[in-house]
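Just below is one structure, and these are the notes that go with it.
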Amino acid sequence: MQPGGASQWQIATLGTARLDSPLKPLIEARERSENYVDESDLVLVDDVLSTACERGVPVEQLPGLEPGGPRRKIFFDPSKLRAAIVTCGGLCPGLNNVVRGVVDELWWQYGVRRIHGIRNGYEGFIASYGHEVLDLTPASVRGIDEQGGTVLGTSRGQQDPEEVVDCLERLGIGVLFVVGGDGSMRGALRIASVVAERGLKISVVGIPKTIDNDIPFIDHSFGFQTAFARAAETIRSVVVEARSTPHGVGLVKLMGRHSGFIAAYAALARNDADFVLVPEVPFGLDDDADGRPGLLSLVQQRVAERGNAIVVVAEGAGQDLVPGEGVDASGNAVLGDVGRYLRRRLLDSFAEAGRPVNLRYVDPSYAIRSVPANGYDAVFCLRLAHAAVHAAMAGRTAMVVGRWHGRFVHVPTELAISRRNVVDPHGDLWLSVLEATGQPPRIG
Ligand SMILES: Nc1ncnc2c1ncn2[C@@H]1O[C@H](COP(=O)(O)OP(=O)(O)OP(=O)(O)O)[C@@H](O)[C@H]1O
Ligand SMILES: O=P(O)(O)OC[C@H]1O[C@](O)(CO)[C@@H](O)[C@@H]1O
Ligand SMILES: [Mg+2]
């Protein structure tokens, strides 16, 4: 078995699932409906007629993703299985919900009694760090979902996948759940490859986490909704500040390294922003040679017309204007501080024009990702955890669980890391931003 399988949509399996699932009584009477996709069915990749037609293949050959959900037959014997869960990368609301959901589902529905928590991301597998391995039970994870962060700890930084698999073998792990972002999923695929090279029967299932919402083939990542709702609260306070002083300008910098979803959604959630700047849509500060106004004069204009202006900027926007600061332990770009740069340039531009301004700059930063999951994300996390456990128990591997066109699906990890999900400047989300803000499609 090689991760990825013959087709790019196909999910790799460890072998034939021969054991009756303990969930059989719950699922055997289910009937196919618009709300239930049978395990033998597929969720179509395309949801638009023209894209499906462009493939030029009969309907039954259209590409599809395996649906999530419990299988009638499972691969692992729950009484013999030892499972592990690890959380990696930056924080994200809902990590603890996923950990608790996985433990509860393994324990209560499948009867798995040996579940381990790996401490501090991939580091926890590496002997030289000396991290303890936790025993997780429903009792030990009860209530953790009420806290932000991750009770397991997390980290960035490269670890040798051979050493990780050595550890999995030493511990006798059959199923590994990796909760993390794109980097973690790259790591998970490398682990799955080493597992396959060694001919081991270890399932590696990912539960994609990222407040940036930058993983493709999933509608949204968990925690994203909580994060942008929290970011919208910051915009609300900046709006109050800007509207309560003459010539008020509010500037909010939000996370979003390469994808501007948090900035776009948070701005729409408040519907008070005048300008939204994202990494996907370049902008200029000064007016261009053809007289097209740049951001600085547009903000001045808005203040003159409406008395105040609100600018929401994603941290990854305007990186051509500020020097980067190298890379972090995982190799991710450490971005230049576009927020502080814009603050300075806006203040200078008002001063040069002889116009008064009261500028308030807020960077809520880690406050948006360290909070507990909201109600929507709590449900989403729990259901993703269930889907991940079902997939792993059925022997699926080198895959991530996600929701595609509103249905739970299995996505080959290779596909999930094949590109980055970004705000499409031609898409309807960005159009909504342009409609709500009234900002021109091209700035500078
Ligand atoms: N190409 C890769 N191969 C193996 N491991 C990787 C790779 N990229 C990243 N990792 C590992 O995955 C872990 C998490 O990666 P990273 O710090 O990039 O966060 P992430 O999972 O992308 O989450 P986020 O960016 O949302 O915070 C780190 O331990 C990192 O070393
Ligand atoms: O400071 P840290 O923990 O490395 O993480 C910051 C990054 O992590 C994220 O929250 C998720 O990738 C980004 O939005 C942000 O740039
Ligand atoms: Mg990442």
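Note that ligands are numbered from 1 as they come in the structure, with each ligand's atoms numbered from 1 the same way. These numbers were taken from a predicted model, which means no experiment stands behind them.
A salt bridge links Arg71 to Glu66: at least one charged side-chain nitrogen sits closer than 4.0 Å to a carboxylate oxygen. Taking the charged nitrogens against the carboxylate oxygens, Arg369 and Asp212 have no contact shorter than 4.0 Å, which rules out a salt bridge.
Given atom 19 (O) of ligand 1, the protein heavy atom at minimum distance is Arg156 NH1, 3.1 Å. Shortest contact from atom 14 (C) of ligand 1 to any protein heavy atom: Ser184 OG, 3.3 Å.
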Quiz item: Tyr265 and His220: ring pair (Phe, Tyr, Trp, His ring centres under 6.0 Å), yes or no, with the steps?
Solution: CA-CA 12 Å; Tyr265 270 84; His220 281 147; 5.5 Å; yes

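For atom 26 (O) of ligand 1, the nearest non-hydrogen atom from the set Lys209, Glu123, Gln158, Gln159 comes from Lys209. For atom 6 (C) of ligand 1, the choice among Gly157, Ser155, Gly183, Pro208 with the nearest heavy atom turns out to be Gly183. Which of Met255, Arg257, Arg190 comes nearest to atom 3 (N) of ligand 1 through a heavy atom is settled by distance: it is Arg190.
Within the 4.0 Å heavy-atom criterion, neither part of Met185 lies near ligand 1.
The closest side-chain heavy-atom distance from Ile118 to Phe125 is below 4.5 Å.
At a heavy-atom cutoff of 4.0 Å, ligand 2 is surrounded by Arg156, Ile211, Asp212, Met255, Gly256, Arg257, Glu315, Tyr366, Arg369.
Protein-derived N/O/S atoms nearer than 2.8 Å to the Mg ion (ligand 3) total 1, waters excluded.
Inclusion of Gly180 in the set of residues having an N or O under 3.5 Å from an N or O of ligand 1 is not warranted.
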